[in-house]
Trainee: 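Encoded as structure tokens, here's the structure I'll be asking about.
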Amino acid sequence: MIDLLSDEKVVAYQAITITRPGNYIRVNAEMRSQPGLPNPPDDAMDDISQSNINRLKDLGAFWFSQYGEATVELLNNSYAGPSLDRIDPNTGTPVIYNPTT
């Protein structure tokens with residue numbers, strides 16, 4: 001089980017280390033209450049209730065508020081910011097990848 005859970009982090013680490021700084025954005029957040037996402041969606045794959053659909057939409061809006069502009073700029077080759085990793089659940093903002101730490 002640990003091997004399965006660690007694969008995501010290994011792949012993210014590999015991707016962020018082989019790309020040039022500012023060319024990697026990983027859109028991801030834990031499905032738990034955090035700054036900017038007070039009511040997270042249920043992570044059960046079979047929860048198709050309208051309330052969970054609404055929370056999934058809120059998650060998308062939360063992600064767009066954090067990554068949207070940077071992602072559009074990256075796709076248009078005009079992004080000049082840092083590489084961004086997953087959302088830090090304590091701050092509700094993307095982790096800025098710093099290869100020196």
Trainee: Please report the interatomic distance CD(Glu73) to OH(Tyr67), rounded to the nearest 0.5 Å.
Mentor: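 These two atoms lie 15.5 Å from each other.
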Trainee: Under 3.5 Å, which donor-acceptor pairs do the side chains of residues 18-25 form with other protein atoms, sequence neighbours left out?
Mentor:
| unit_1 | atom_1 | unit_2 | atom_2 | d |
| --- | --- | --- | --- | --- |
| Thr19 | OG1 | Ala15 | O | 3.2 |
| Thr19 | OG1 | Ile16 | O | 3.4 |

Trainee: How about CD1 on Ile48, more than 12 heavy atoms from neighbouring residues, nucleotides or ligands closer than 6.0 Å, or not?
Mentor: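 Counting neighbours around CD1 of Ile48, 12 or fewer heavy atoms of other residues, nucleotides or ligands fall under 6.0 Å, so no.
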Trainee: Which value, rounded to the nearest 0.5 Å, describes the distance between Thr93 atom OG1 and Leu84 atom CG?
Mentor: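 Atom-to-atom, Thr93:OG1 and Leu84:CG are 9.5 Å apart.
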Trainee: Mind checking side-chain contact (heavy atoms from CB on, under 4.5 Å) for Ser65 and listing every partner two or more places apart, or none if nothing turns up?
Mentor: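 Ser65 satisfies side-chain contact (heavy atoms from CB on, under 4.5 Å) with Phe62 once adjacent residues are dropped.
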Trainee: Any sub-3.5 Å donor-acceptor pair from Asp42's side-chain atoms to Ala44's backbone N or O?
Mentor: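 Yes, the answer is positive, given that a donor and an acceptor are paired below the 3.5 Å cut-off.
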Trainee: Restricting to salt bridge (charged side-chain N to carboxylate O under 4.0 Å, His left out), what partner residues turn up for Arg26, sequence neighbours left out?
Mentor: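 Expected list: Glu8, Asp85.
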Trainee: What residue pairs, at least two apart or across chains, pass salt bridge (Lys or Arg N to Asp or Glu O under 4.0 Å) with a residue in residues 46-70?
Mentor: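 Every pair satisfying salt bridge (Lys or Arg N to Asp or Glu O under 4.0 Å) with a residue in residues 46-70: there are none.
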Trainee: So which heavy atom on Trp63 is nearest to which on Asn28, and how close?
Mentor: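 That closest heavy-atom pairing would be NE1-C, 3.8 Å.
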Trainee: What residues, two or more places apart in sequence or in another chain, satisfy side chain to side chain donor-acceptor pair (under 3.5 Å) together with Gln50?
Mentor: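 Checked Gln50 against side chain to side chain donor-acceptor pair (under 3.5 Å); matches are Asn54.
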Trainee: Show me the side-chain donor-acceptor pairs of residues 29-41 shorter than 3.5 Å, one per line, residues at least two apart or across chains.
Mentor:
| unit_1 | atom_1 | unit_2 | atom_2 | d |
| --- | --- | --- | --- | --- |
| Glu30 | OE1 | Arg32 | NE | 2.8 |
| Ser33 | OG | Pro38 | O | 3.2 |
| Gln34 | NE2 | Glu30 | O | 2.8 |
| Gln34 | NE2 | Arg32 | O | 3.1 |

Trainee: Any chance you could measure Asp88, atom CG, to Ile96, atom CD1, to the nearest 0.5 Å?
Mentor: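 Here the rounded value is 11.0 Å.
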